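Everything numeric in this text was worked out from a predicted model, so none of it was measured. Just so it is clear, the values below take in all heavy atoms, side chains as well, and ignore hydrogens, waters and symmetry mates.
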Amino acid sequence: MTAPTCALPAAVGTATAPGPLQPLALLRFAAPSLALAFVALPLYVYLPEHYATRYAVPLGYLGAVLLLTRFADALFDPWLGRLADHLLRCGLAKPALLAACALMFCGFAALFALPALLPWRSADVAFTVVFVAALLLTYLGFSAASIIHQAWGATLGRDEAQLARTVAWREGLGLAGVLLAALLPQLGGARALVAVFALALAIGLALVWRAPDPAPHQPAGAALRWRALLEPLRNRRFVALLAVFATSGIAAAIPATLVLFFIRDRLDAAALAGAYLFAYFAAAALLLPLWLRAVRRFGAARSWLLGMALAVAAFVWAALLQPGDRWGYALVVVLSGAALGPDLVMPPALLAGVIRAGGHGNRLEGSYFGVWNFAAKLNLALAAGLALPLLAMFGYRPGTLETGVLPPLVVAYCLLPSLLKLVSAALLWRFFLRRRAAPAALIF
């Protein structure tokens, strides 16, 4: 099967990336990220609680449906990436982003309206069909919008510093969206969440419509049709970066999976969970400008390595905390939040350079980000699949206060992620920093 043809933009020769973007242009480009963040947090955190407590939908049922639909969603990402390349080549990035966001909003609104319109009943096939359809529509729209937006951003900038700045604006607004989405259910429930999401999405799309266009895309060539979905995996530099990203991502996803257990069963501070989570994301957002200065001085790879070292230091400190050490954990939250910035900004900036160094700039950004997002979603699944069974194997029981030196919860929450971060740091050093003078290692 081949991609449909389209009228190519004029002068699709060797397209060059634009120069530095002004703050207003960056704001317009990044604007949809605030609304996109609403979809990630509520579906993982708020939606199960909303269905279980308000409508008595069993947790086992919710977990199974969410897991299966998320896995199906991940399988679509390489195809969506290939489609994004075609849309960029045809100059259709903005209309496609608008269409994807419309699908996402329809699915999102349906999810929160469904239980009232079609009450849950045991073994109710109609409810399951509509629930799964709404989830898949939301995931499909979110994934398509995210991949198009990421591939578009990879064309905006000439060097590491400019690309990191573009990514930082996108991720910074995304963090603001996470904070807003975390607060809204507490203040106004599901209706407020959907209403503010609709407003944020409308404003974001209005702004992005006036954002700088992606650099003109070249034809992919006869060898790069739909059957070549995994063409990025032939790029050895990409495979190396993907290994760094995957190990680092699993190391970050394990604490995210276990954080509420740790706060409740190790620190005995369940009442402070919301404050800790807010402080974590706020620290990440506030310190992004400092990480951008670090990129200009040290480069993206070294800045990412510094962030990994900070994360390891924070979690080793967390391993020493005892029940009641609430202020000590507050310091861990701020340090690990500070370390989140490099995890968000540096990998996409390095990826954009890898794409260009491999000769695929302005051609296959979508395909690369399709595979990249597939790996990111697998990180979340692997984190839960690795940490939770290990905890059960070593005798951890949720709701029981963990005392003593290095109980299973502390090992899983603090030490296992630290070990994985060290592995990721070693890979980063080996493939991107050890031979800094070599052209391939310079990325650009």
J.: What's the verdict on side chain to side chain contact (heavy atoms under 4.5 Å, CB included) for Leu75 and Phe374, showing C-alpha distance, side-chain angles and the deciding distance?
T.: CA-CA 7 Å; Leu75 295 177; Phe374 175 79; 4.0 Å; yes
J.: Ignoring hydrogens and geometry, is there a side-chain-to-backbone donor-acceptor pair from Ser424 to Leu420 under 3.5 Å?
T.: no
J.: Met104 and Phe197: side chain to side chain contact (heavy atoms under 4.5 Å, CB included), yes or no, with the steps?
T.: CA-CA 11 Å; Met104 176 183 66; Phe197 173 60; 3.8 Å; yes
J.: Just checking Tyr139 against Phe76, ring centres under 6.0 Å apart?
T.: no
J.: Are the side chain of Ser33 and the backbone of Glu171 linked by a donor-acceptor contact shorter than 3.5 Å?
T.: no
J.: Hey, does the side chain of Asp268 reach the backbone of Gly324 with a donor-acceptor pair shorter than 3.5 angstrom?
T.: no
J.: Could you tell me if the side chain of Leu305 sits less than 4.5 Å from the side chain of Phe432, heavy atoms only?
T.: no
J.: Only pairs at least two apart or in different chains count here, so list each ring pair (Phe, Tyr, Trp, His ring centres under 6.0 Å) that has a residue in residues 299-319.
T.: Phe315-Tyr413
J.: Please check if the side chain of Ser143 supplies one atom and the backbone of Leu140 the other of a donor-acceptor pair under 3.5 Å.
T.: no
J.: Tell me whether Lys421 contacts the main-chain N or O of Met308 through its side chain, where contact means a donor paired with an acceptor under 3.5 Å.
T.: no
J.: Relative to each other, are the rings of Phe29 and Trp152 parallel, tilted or perpendicular (30° and 60° limits)?
T.: perpendicular
J.: Take atom OH of Tyr329 as the centre, draw a 6.0 Å sphere, and report whether it contains more than 12 heavy atoms from other residues, nucleotides or ligands.
T.: yes
J.: Using 4.0 Å as the upper bound for N to carboxylate O, is an ion pair formed by Arg266 and Asp325?
T.: no
J.: Side-chain atoms of residues 276-288: list all donor-acceptor pairs with protein atoms under 3.5 Å, sequence neighbours left out, distances to 0.1 Å.
T.:
unit_1	atom_1	unit_2	atom_2	d
Tyr276	OH	Arg326	O	2.9

J.: Name the orientation class of the two ring planes belonging to Tyr368 and Phe238 (parallel below 30°, tilted from 30 to 60°, perpendicular beyond 60°).
T.: perpendicular
J.: Listed by chain and number, what are the side chain to side chain contact (heavy atoms under 4.5 Å, CB included) partners of Leu26, not counting sequence neighbours?
T.: Leu21, Arg165, Thr166, Trp169
J.: Any donor and acceptor pair, going by atom type alone, linking the side chain of Ser336 with main-chain N or O of Val332 inside 3.5 Å?
T.: yes
